[in-house]
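Notes to accompany the following structure.
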Amino acid sequence: KCLQSRIMDYFSRE
Amino acid sequence: MLELRLVQGSLLKKVIESLKDLVNDANFDCSSTGFSLQAMDSSHVALMSLLLRSDGFEHYRCDHGNFPMGMKLENLSKILKCAGNDDIITIKADGPGNDTVTFMFESPSQEKIADYEMKLMDIDSEHLGIPEAEFHAIVRMPSSEFARICKDLSSIGDTVVISVTKEGIKFSTKGDIGTANVVCRQNTTVDKPEDATIIEMQQPVSLTFALRYMNSFTKATPLSNTVTISLSSDLPVVVEYKIAEMGYIRFYLAPKIEE
């Protein structure tokens with residue numbers, strides 16, 4: 001089963 | 001005072017058409033570097049980054065340092081549809097504190113000049129830092145070919161596995177009716193450089209993505225004959241369309257991961 005990751009899992013807030 | 005004159009106004013029309021399905025509203029930033037935007041879709045799965053460099057404009061004046069202009073893209077799209085494809089577009093705003101932006105459309109012969117004023121919005125947007133990444137594979141291919149593959153595969157399945165090996169780049173999907181695999185091999189022996197498929201691979205990589213987003217990204221196909229797909233395991237894919245002499249639009253898409 002595949003789960004959708006989110007952009008925030010990779011890039012952090014500036 | 002902000003005044004940006006873009007001779008090839010159709011570029012701005014195409015940029016907004018490629019963004020509006022994924023982004024509802026966004027802050028456009030104007031600085032000495034250029035006119036830019038960073039925005040995420042409402043699910044925070046995809047991130048879009050646009051840069052139109054200042055030197056690509058015939059006239060570029062932006063006196064107020066970094067000046068964000070919040071716009072609803074659906075409204076911006078409505079206004080830009082009123083510009084002809086050959087029109088010169090000038091964007092004008094008085095600066096921070098003013099809540100409108102004016103778009104002026106001039107026909108190439110200067111016979112018709114129109115201006116549309118649009119209300120700006122306050123948008124609380126998060127700006128993400130995008131680190132420089134070493135990619136495991138970078139593939140450049142014709143943008144129309146990539147669009148065709150995404151469209152074809154989405155009639156079979158909802159997700160695409162993109163794998164790069166020394167054989168080429170493979171797009172695979174499966175659905176209720178069956179499976180599909182499309183392999184594009186490196187091909188540099190073409191008459192026109194934009195028809196080439198060029199694969200730079202440091203190591204094989206394979207990632208799974210939602211096809212719905214990939215299909216939305218391909219709305220940017222009219223901006224460029226080629227698309228660059230940059231992949232690293234455990235990083236979002238970057239799908240980049242260069243905007244002639246001016247900059248780029250980059251789409252970042254978070255991969256699907258095994259539970």
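So that the names make sense, note that chain A is the first sequence line, chain B the second, and so on, each numbered from 1. Everything numeric here is computed off the predicted structure, so don't read it as measured data.
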Separation between CD (A/Gln4) and OH (B/Tyr213), nearest 0.5 Å, reads 6.5 Å
If one checks every heavy atom of B/Ser43 against chain A at 4.5 Å, the contacting part turns out to be backbone
Next on the checklist: With a sphere of 6.0 Å drawn around CG of B/Asp63, does it hold more than 12 non-hydrogen atoms of other residues, nucleotides or ligands?
Outcome noted: yes
| query | Would you say the side-chain atoms of A/Ser5 pair up with the backbone N or O of B/Lys256, donor to acceptor, closer than 3.5 Å? | reply | no
Minimal heavy-atom distance between B/Ala254 and A/Arg6, with the atoms involved, is CB-C, 3.7 Å
Here the pair of heavy atoms bringing A/Phe11 nearest to B/Pro131 is CD2-CD, 3.6 Å
Under 4.5 Å to a heavy atom of chain A? For B/Asp41 that would be neither
Taken to the nearest 0.5 Å, the spacing of A/Glu14 CD from B/Gln38 CD works out to 7.0 Å
- Task: Answer yes or no: are there more than 12 heavy-atom neighbours, outside B/Asp158 itself, under 6.0 Å from its atom CG?
- Result: no
Centroid-centroid under 6.0 Å between A/Tyr10 and B/Tyr252 rings: no
task = Might you work through the side chain to side chain contact (heavy atoms under 4.5 Å, CB included) test for B/Glu126 and A/Met8, ending with a clear yes or no?
result = CA-CA 10 Å; B/Glu126 291 173 292; A/Met8 268 95 130; 3.5 Å; yes
Handout entry: B/Asp234 atom CG: more than 12 heavy-atom contacts under 6.0 Å
Key = no
Test side-chain contact (heavy atoms from CB on, under 4.5 Å), reference A/Ile7, set B/Leu128, B/Val45, B/Leu253, output is B/Leu128
